[in-house]
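Predicted model, so just to flag it, every value in this text is computed and none were measured. Numbers here are sequence positions counted from 1.
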Amino acid sequence: MTTNEIAQYLGAITKNLEQKRLKDVFNLFAILLPNLQNWQLQERIDELENTYRTMLNYLSEGIQDPDRQKVEDTLLRSLYQVKDSVSLQLKHRWDSSYFYEQRRIYYYNKQEAPETLIASLEEIISKLDLLSLLEDDEKINKERIDFEKQKELIIQKIFYAVWLSGFWDSDTQKHWSAVIQNRLNPVVFSSLIITALTLNLLVLFDENKALLLLEAAENENEEIRQRALTGIVLFLRQYDKRLHLYPAINLRIKHLSEDPQFIRSICHIVLQFIQSRETEKITRHIMDELIPELIKCGPKFNDALKSEENTIYIDKNPEWQDIIHKAGLEDQFQELSEMQLEGADIMHSSFTHLKNFPFFNEMSHWFLPFSVPANYMENQELLAFSGILSQSKMMCNSDKYSLYFTLMQMPEKYRHLTMSQLSEEVEGSQELERTEIVSNLIRIRPETRQYIQDLYRFYKLFPRRSEFHDIFAAKPEFYQVPSIRQFVGDKENMQLIGEFYFNKNYFEEAADIFDFLQQTDVNNTVLYQKKGYCLQMRNNLPGALETYLKAELLDANNLWIIKKLAYCYRALKQPEKALEYYKKIEKANPDNLSTQLQIGHCYLELKDYGEALKYYFKVEFLE
């Protein structure tokens with residue numbers, strides 16, 4: 001059986017389960033199960049089919065069963081579980097994607113048990129704690145680095161143990177819960193477990209893993225909590241249609257939703273994912289427009305540099321700012337800075353080509369919180385700089401690693417200059433975050449922004465990224481998913497999300513949200529105006545006209561609305577109605593040439609050539 005055939009059958013089973021067409025589900029299982037020759041699964045399917053037939057018999061005989069809904073939900077949940085098991089076994093055998101390839105290798109090589117790895121990790125941490133109490137010397141430092149290497153390797157193995165795992169029982173879930181909650185374990189370790197959980201859940205539904213992710217959303221460590229919250233949002237979007245069958249998950253979600261901080265975090269994660277849609281656009285702008293303009297300014301920068309006696313250790317030359325100003329780039333730099341403060345990923349273009357270091361050949365490294373790898377601890381100057389780099393809130397962890405490895409390859413004198421400048425920029429960004437400029441912006445937590453940007457780097461730049469389902473290209477939009485909308489569906493959050501889409505020119509989604517908001521705020525003329533504008537920009541002129549007319553009923557003298565109505569009527573070949581509105585505009589602004597010209601066009605379309613000529617002559621005269 002081919003991978004495509006497996007995917008088609010499994011997709012059909014999922015669709016039929018969502019529509020509760022269970023007879024078709026059993027027929028599809030009859031085709032798939034012989035490929036596995038698993039008598040336990042076959043026995044389970046036969047048992048569920050008998051339950052289904054009994055339900056049908058009760059219905060046909062008109063027998064009232066007060067527990068019918070409960071039995072039906074249990075049957076559906078069991079069929080989903082069989083589908084998940086069939087999917088895992090079939091794909092483990094035939095699927096060639098990266099996940100299943102690594103899974104086959106992992107289980108073929110019989111890796112150490114997670115319990116053994118965790119015990120080894122705890123032992124190494126104890127040894128490192130002991131070494132930290134001793135006075136440094138060459139031998140102690142070498143021993144410390146050796147232990148750090150062992151620790152990193154164990155953490156990497158544990159990442160794979162979670163990411164490639166099958167279904168967990170409740171005891172396994174409790175075990176991993178204790179591991180994550182153990183304060184003695186490094187944050188890097190627990191953070192990677194959360195990411196591995198998320199990536200596993202995006203491939204395979206597992207109730208116990210989902211419960212652990214929901215539990216981690218209340219972890220006291222911000223890094224762990226924000227990763228868990230991001231994983232929850234992705235999990236809810238992927239499995240929304242079956243979540244009603246899992247009372248334990250829904251109970252946990254209900255508990256979390258009582259915390260306003262949880263609601264706020266979910267909203268911010270949604271906003272950051274929307275913001276990520278701008279990344280490619282920003283990258284193209286920087287690469288195709290900004291950098292070519294800077295290159296043109298290159299000779300002028302060189303002249304300014306030559307005016308300094310010392311070309312290595314220099315202060316910022318005031319002439320540079322003049323050069324940028326004269327080139328018309330100052331506003332663009334200011335705009336990029338403001339976008340970055342809002343959460344835009346303006347660094348992606350700079351680091352796209354810096355992911356070829358051997359470090360990034362290891363998948364788990366794409367998700368590591370920044371710290372200097374043990375193999376690169378010899379350079380004391382860089383080691384000291386890593387402390388400054390780790391404080392930067394503007395760069396994601398993946399880019400920090402790229403920058404660190406790039407600095408390692410630089411000649412010493414240029415490295416020193418670069419680190420000095422970067423240190424100033426990090427301090428400047430931290431100061432900027434404390435100013436009033438930032439206070440008016442949406443304050444998405446840096447841990448959220450950095451983690452989602454790390455995920456973006458992985459899904460867009462990892463060498464085998466095509467073998468992963470791109471979470472940044474997935475549909476539907478988060479606010480459209482009922483299980484997520486229950487958190488962000490209030491007026492305040494939907495208004496915030498709608499404005500975010502609107503300001504980024506995603507007019508289809510913005511119109512959808514404004515339409516939703518109108519249902520409870522029918523007299524808000526601004527909502528009608530913005531929805532009309534969205535429809536107009538989507539080239540839905542009849543819809544835009546209808547919406548603008550509703551806005552006019554609420555604000556008849558609004559000149560902006562009148563202009564939009566005039567435009568829509570003329571574009572829809574209704575010159576008589578367009579002329580009516582252009583006359584209103586003319587009355588408000590008699591000498592506007594554009595209005596005079598449009599009136600002339602309307603008369604021309606109405607074949608009133610005399611009036612048309614009057615307005616054309618007027619335009620020519622005023623010009």
Side-chain angles (χ1 to χ4, degrees), residues 10 14 17-18 73-74 76-88 91 99 103 114 158-181 190-219 221 224-259 262-263 265-266 269-270 273 367 448 451-452 455 468-469 471 474 476 478 481-488:
L10 291 172
T14 301
L17 282 171
E18 290 171 356
D73 286 347
T74 303
L76 280 169
R77 186 166 61 250
S78 299
L79 286 169
Y80 268 117
Q81 289 168 347
V82 172
K83 190 270 297 183
D84 293 334
S85 296
V86 170
S87 174
L88 180 62
K91 290 182 177 182
F99 174 82
R103 196 170 192 276
I158 293 173
F159 171 86
Y160 282 98
V162 176
W163 177 45
L164 301 172
S165 61
F167 302 105
W168 285 0
D169 55 28
S170 58
D171 289 338
T172 306
Q173 184 239 319
K174 289 174 184 175
H175 168 74
W176 285 107
S177 173
V179 169
I180 292 172
Q181 291 179 25
S190 298
S191 297
L192 271 184
I193 291 177
I194 296 300
T195 298
L197 268 177
T198 300
L199 295 174
N200 179 276
L201 281 167
L202 293 177
V203 176
L204 185 69
F205 183 96
D206 187 328
E207 182 179 10
N208 285 306
K209 291 195 189 89
L211 288 170
L212 179 55
L213 203 61
L214 289 161
E215 179 186 291
E218 294 184 287
N219 194 284
N221 181 273
I224 296 170
R225 184 164 62 250
Q226 292 303 322
R227 287 190 179 216
L229 288 165
T230 303
I232 289 167
V233 169
L234 294 170
F235 171 78
L236 293 177
R237 178 175 67 177
Q238 181 148 331
Y239 298 109
D240 173 76
K241 292 182 179 178
R242 64 187 282 188
L243 289 179
H244 66 282
L245 301 170
Y246 299 88
I249 290 178
N250 289 309
L251 189 64
R252 189 78 197 186
I253 290 173
K254 185 174 183 294
H255 164 71
L256 288 170
S257 66
E258 293 171 357
D259 180 6
F262 172 80
I263 303 293
S265 295
I266 295 295
I269 289 166
V270 170
F273 269 102
F367 312 109
T448 302
Y451 182 51
I452 293 176
L455 289 170
F468 291 82
H469 183 60
I471 60 174
F478 290 108
V481 178
S483 57
I484 298 175
R485 195 155 172 161
Q486 65 178 313
F487 308 129
V488 301

Q.
Just so I know, are the side chains of Phe487 and Val270 near enough to count as touching, which here means a heavy-atom distance under 4.5 Å?
A. no
Q.
Whether the His469 and Gln238 side chains hold a donor-acceptor pair (N or O, under 3.5 Å, no angle test) is what I'd like checked.
A. no
**Q.** Any donor-acceptor N/O pair, Asp240 side chain to Val481 backbone, under 3.5 Å
**A.** no
Q.
Is a donor from one side chain sitting under 3.5 angstrom from an acceptor on the other, for Thr198 and Arg227?
A. no
Q. Which heavy atom of Thr230 sits nearest a heavy atom of Ile269, and at what distance?
A. N-CD1, 3.6 Å
Q) Side chains of Tyr451 and Thr195: donor-acceptor distance under 3.5 Å anywhere? A) yes
Q | Shortest non-hydrogen contact from Leu197 toward Val162 | A | N-CG1, 3.8 Å
Q.
In the structure I gave you, are the side-chain heavy atoms of Ile194 and Leu212 within less than 4.5 Å of one another anywhere?
A. no
Q) Which atom names give the shortest non-hydrogen contact between Trp163 and Asn200, and what distance separates them? A) O-ND2, 2.8 Å
Q.
Can you confirm whether Val233 sits close enough to Ile484 that some side-chain heavy atom of one is under 4.5 Å from a side-chain heavy atom of the other?
A. yes
Q) Is the closest side-chain heavy-atom distance between Leu17 and Lys241 below 4.5 Å? A) no
(Q) Treating Arg225 as the side-chain partner and Asn219 as the backbone partner, does any N or O pair qualify as donor plus acceptor under 3.5 Å? (A) yes
(Q) Are the side chains of Phe478 and Ile266 in contact, using a 4.5 Å heavy-atom criterion? (A) no
Q. Could Arg242 and Asp84 be called an ion pair, given the rule that one side-chain N must be under 4.0 Å from one carboxylate O?
A. yes
Q: Only one of Gln181, Gln173, His175 passes side chain to side chain donor-acceptor pair (under 3.5 Å) with Ser177; say which it is.
A: Gln181
**Q.** Non-neighbouring partners of Arg77 that pass side-chain hydrogen bond (donor to acceptor under 3.5 Å, both in side chains), sequence neighbours left out
**A.** none
